[in-house]
Amino acid sequence: MKEATVEKKFYPDYLVEILAVALVIGMATLVLSMSYPKELGRRISFSAPFSPKPEWFFLWFFEILKYFKGNFAFIGAVVLPAIFIVTLVMIPFIDSGGRGRIRATVAIGLIYLCFIVFTILPALDY
Amino acid sequence: MGRAFDWLDKKFHIKAPHKRFLKRRLPEGLSYFYCLGGAAFTSYVILFITGLLLSQYYIPSEMEAFESIVKIQREVHLGWLIRGVHKWSATLLIIFILCHTLRVFISRAYKSPKELNWIVGCLTLVLVFASGFTGYLLPWDQKAYWATTVGTSMAATMPVAGRHLMYLIRGGMDVSGATLIRFYSFHVLWLPVTMAALLWAHFHMIKRQGIKGGL
């Protein structure tokens with residue numbers, strides 16, 4: 001590839017690429033919105049039975065809550081999410097010293113695995 | 001850039017310091033995976049603009065919120081599309097940020113001197129989730145109401161201060177009009193403004209520290 005060795009500058013080379021990507025994303029968003037438009041919800045009713053369903057990116061949270069009942073709800077609701085956030089923030093400091101990179105990889109891997117698995121699990125139920 | 005720009009530049013003096021930034025060389029070996037952060041920012045901008053448009057018609061009150069959404073959906077010209085774009089950009093934003101975070105981790109771009117930039121990115125991620133949570137209540141429909149009731153009740157599970165915290169988040173004992181206006185304020189003022197400040201810091205540090213190593 002000859003092009004790859006040619007020196008690139010932010011302007012105009014990279015800027016054009018960024019704008020092209022932005023344009024593609026804009027188009028994709030538009031296509032998605034027209035193909036799958038947002039539906040109107042139902043009016044709030046306090047008498048009709050209703051099982052709450054969160055936005056898809058909170059499905060993992062609702063799913064994890066199911067495993068902690070009663071006095072332990074606190075662990076699923078507050079402690080686990082707090083551990084996720086603190087671990088994520090601390091990644092640069094977890095990756096220090098000999099086996100740092102491995103520790104950090106395991107930490108990130110577990111967080112992402114939790115997110116993906118607990119998002120898919122409830123989706124299988126519906 | 002034409003005369004109009006030069007006239008403005010005399011006042012703001014932005015051209016000279018940015019010339020070096022615009023003409024700087026890029027490191028080799030950048031792939032399209034390095035676009036994911038930019039992709040997330042694109043979605044943020046789309047959310048910002050469609051949010052500005054939606055706020056022209058949305059009414060954050062217990063009595064009128066649902067009706068105003070019905071109006072946006074059925075009567076306002078292209079209202080249904082703007083609302084759809086807002087929702088889909090939110091979904092894409094989450095996906096892009098999660099992929100961007102993974103890319104940064106894989107290329108180990110969180111190492112010194114970029115620790116702080118990693119932390120700023122993580123805080124932005126948390127705020128994006130908070131925006132999703134507060135935005136979900138605004139349509140004031142069945143799904144929104146009960147998901148928020150369950151979501152906010154989680155605060156009460158905390159020992160000692162739990163119930164007080166839930167009261168603070170809801171602005172009362174139950175999810176009500178007070179919660180709606182509170183979430184609306186967070187969703188359209190507190191969170192976007194804080195995020196804009198964090199993103200400025202995020203981009204400024206990239207500019208100073210370079211995409212790969214120092215520039």
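Residue numbers start from 1 in every chain, and the chains themselves are labelled A, B, ... in the order their sequence lines are given, proteins ahead of strands.
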Novice: Hey, which of B/Val120, B/Ile119, B/Val126 is the one that makes side chain to side chain contact (heavy atoms under 4.5 Å, CB included) with A/Val89?
Specialist: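 The passing option is B/Ile119.
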Novice: Under a 4.5 Å cut-off applied to non-hydrogen side-chain atoms, are B/Asp141 and A/Arg42 in contact?
Specialist: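 No; the side chains remain at least 4.5 Å from each other.
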Novice: Heavy atoms only: give me the nearest B/Ala39-A/Ile25 pair and the separation to one decimal.
Specialist: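 B/Ala39 and A/Ile25 have their closest heavy atoms at CB-CD1, 3.2 Å.
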Novice: Roughly how far, to the nearest 0.5 Å, is the CZ atom of A/Phe68 from the OG1 atom of B/Thr157?
Specialist: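 Nearest 0.5 Å value for the OG1-CZ distance: 11.5 Å.
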Novice: Within this structure, what is the OG-CD distance for the pair A/Ser96 and B/Glu115, rounded to the nearest 0.5 Å?
Specialist: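 Reported value, rounded in 0.5 Å steps: 10.5 Å.
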Novice: What heavy-atom pair brings B/Tyr136 and A/Glu55 nearest, and what distance separates the two atoms?
Specialist: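 Closest pair (atom of B/Tyr136, atom of A/Glu55, distance): CZ-N, 3.5 Å.
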Novice: Using non-hydrogen atoms and a 4.5 Å limit, figure out which bit of A/Leu32 sits close to chain B: side chain, backbone, both or neither.
Specialist: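 Contact with chain B: backbone and side chain both.
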Novice: Check each atom of B/Gln73 against the heavy atoms of chain A and say whether the ones under 4.5 Å are side chain, backbone, both or neither.
Specialist: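 Only the side chain of B/Gln73 comes within 4.5 Å of chain A.
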Novice: Using non-hydrogen atoms only, which part of B/Thr101 is less than 4.5 Å away from chain A: side chain, backbone, both, or neither?
Specialist: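 For B/Thr101, the contact with chain A is made by backbone and side chain together.
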Novice: Hey, is OH on A/Tyr112 packed in by over 12 heavy atoms from elsewhere, all under 6.0 Å?
Specialist: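 Atom OH in A/Tyr112 is packed in, count exceeds 12.
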Novice: For A/Glu17, which atoms come within 4.5 Å of any heavy atom of chain B: side chain, backbone, both, or neither?
Specialist: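 Only the side chain of A/Glu17 comes within 4.5 Å of chain B.
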Novice: Are the side chains of B/Trp146 and A/Lys53 in touch, meaning some heavy atoms are under 4.5 Å apart?
Specialist: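 A side-chain contact is absent here, since even the closest heavy-atom pair is not under 4.5 Å.
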Novice: Under a 4.5 Å heavy-atom cut-off, does chain B meet the side chain of A/Phe62, its backbone, both or neither?
Specialist: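 It is the side chain, since no backbone atom gets that close.
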Novice: Counting only non-hydrogen atoms closer than 4.5 Å, does A/Ile18 touch chain B with its backbone (N, CA, C, O), its side chain (CB onward), both, or neither?
Specialist: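 Neither part.
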Novice: Can you give me the closest heavy-atom contact between B/Ala147 and A/Pro54, atom names plus distance?
Specialist: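 Smallest heavy-atom distance, with atoms named: CB-CA, 4.2 Å.
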Novice: Examine whether an atom of B/Thr91 lies under 4.5 Å from a heavy atom of chain A, and if so say whether it belongs to the side chain, the backbone or both; otherwise answer neither.
Specialist: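 For B/Thr91, backbone and side chain are both near chain A.
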Novice: Identify which one of A/Phe61, A/Phe84, A/Trp56, A/Phe58 satisfies the ring-ring contact (aromatic ring centres under 6.0 Å, His included) criterion when paired with B/Phe129.
Specialist: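 Considering A/Phe61, A/Phe84, A/Trp56, A/Phe58, a ring-ring contact (aromatic ring centres under 6.0 Å, His included) with B/Phe129 is found only for A/Phe58.
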Novice: Answer yes or no: is there a side-chain heavy-atom contact under 4.5 Å between B/Trp88 and A/Leu30?
Specialist: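 Sidechains of A/Leu30 and B/Trp88: no contact.
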Novice: Identify which part of B/Val70 has an atom lying under 4.5 Å from any heavy atom of chain A, answering side chain, backbone, both or neither.
Specialist: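 Both parts, heavy atoms under 4.5 Å.
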Novice: Within a strict 4.5 Å, meaning less than it, do heavy atoms of the A/Phe115 and B/Leu98 side chains meet?
Specialist: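 In short, these two side chains touch, coming nearer than 4.5 Å.
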Novice: Can you tell me which of A/Asn71, A/Ile85, A/Thr105, A/Ile75 forms the most heavy-atom pairs within a distance under 4.5 Å of chain B?
Specialist: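 If we count pairs closer than 4.5 Å to chain B, A/Thr105 comes out on top.
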Novice: What is the distance from atom CH2 of B/Trp140 to atom CD1 of A/Ile44, rounded to the nearest 0.5 Å?
Specialist: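 Separation between the atoms: 4.5 Å.
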Novice: With the side chain counted from C-beta on, respond yes when B/Leu81 and A/Ser33 share a heavy-atom pair under 4.5 Å apart, and no when they do not.
Specialist: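 Side chain of B/Leu81 against side chain of A/Ser33, heavy atoms only: contact under 4.5 Å found.
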Novice: Suppose a student defines contact as a heavy atom less than 4.5 Å from any heavy atom of chain A. Which residues in residues 52-62 of chain B would they list?
Specialist: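 Those residues of residues 52-62 of chain B which would need a heavy atom under 4.5 Å from chain A do not exist here.
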Novice: Does NZ in A/Lys38 sit with more than 12 non-hydrogen atoms of other residues, nucleotides or ligands closer than 6.0 Å?
Specialist: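 Yes, NZ of A/Lys38 has more than 12 neighbouring heavy atoms, counting only those of other groups under 6.0 Å.
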Novice: Contact part of B/Ile69 toward chain A, heavy-atom cut-off under 4.5 Å: side chain, backbone, both or neither?
Specialist: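 B/Ile69 touches chain A through backbone and side-chain heavy atoms alike.
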Novice: Let's test your reading of the structure: which of A/Val24, A/Val79, A/Thr29, A/Val78 forms the most heavy-atom pairs below 4.5 Å with chain B?
Specialist: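 Heavy-atom pair counts peak at A/Thr29.
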Novice: Which answer fits A/Ala104, side chain, backbone, both or neither, if we ask what part of it has an atom under 4.5 Å from a heavy atom of chain B?
Specialist: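 Both backbone and side chain.
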Novice: Roughly how far apart are A/Asp95 CG and B/Phe105 CZ, rounded to 0.5 Å?
Specialist: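 Between atom CG of A/Asp95 and atom CZ of B/Phe105 there are 7.0 Å.
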Novice: Non-hydrogen atoms of chain A under 4.5 Å away: do they reach the side chain of B/Arg108, the backbone, both or neither?
Specialist: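 When you check distances to chain A, atoms from both the backbone and side chain of B/Arg108 fall under 4.5 Å.
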Novice: State, with a plain yes or no, whether a side-chain heavy atom of A/Pro92 is found less than 4.5 Å away from one of B/Lys111.
Specialist: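 No; the side chains remain at least 4.5 Å from each other.
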Novice: Which pair of heavy atoms, one from B/Met154 and one from A/Ala77, lies closest together, and at what distance?
Specialist: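 Where B/Met154 meets A/Ala77 most closely, the heavy atoms are SD-CB, 3.5 Å.
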Novice: Any salt bridge linking A/Arg43 with B/Glu67? Criterion: basic side-chain nitrogen under 4.0 Å from a carboxylate oxygen.
Specialist: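 Yes, charged N to carboxylate O under 4.0 Å.
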Novice: Between B/Ile95, B/Val150, B/Ile94, who has the most heavy-atom pairs with chain A when the cutoff is under 4.5 Å?
Specialist: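 Looking at each option in turn, the highest pair count goes to B/Ile94.
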Novice: Using non-hydrogen atoms and a 4.5 Å limit, figure out which bit of A/Leu15 sits close to chain B: side chain, backbone, both or neither.
Specialist: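 Neither; nothing under 4.5 Å.
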Novice: Looking at side-chain heavy atoms only, is the closest gap between A/Val21 and B/Thr42 below 4.5 Å?
Specialist: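 No, their side chains stay 4.5 Å or more apart.
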Novice: Just so I understand: if I count every heavy-atom pair under 4.5 Å between each of B/Ile46, B/Leu92, B/Leu125 and chain A, which residue has the most?
Specialist: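 Highest number of pairs under 4.5 Å: B/Leu92.
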Novice: Check whether B/Phe133 gets within reach of chain A through its side chain, its backbone, both or neither, counting any heavy atom under 4.5 Å.
Specialist: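 Both parts, backbone and side chain.
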Novice: Under a 4.5 Å cut-off applied to non-hydrogen side-chain atoms, are B/Lys87 and A/Tyr36 in contact?
Specialist: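 SC-SC contact between B/Lys87 and A/Tyr36 ruled out.
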Novice: Centre of B/Tyr110's six-membered ring, under 6.0 Å away, within 45 degrees of the axis: is that where NZ or CZ of A/Arg101 sits?
Specialist: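 No, A/Arg101 does not sit over the ring of B/Tyr110.
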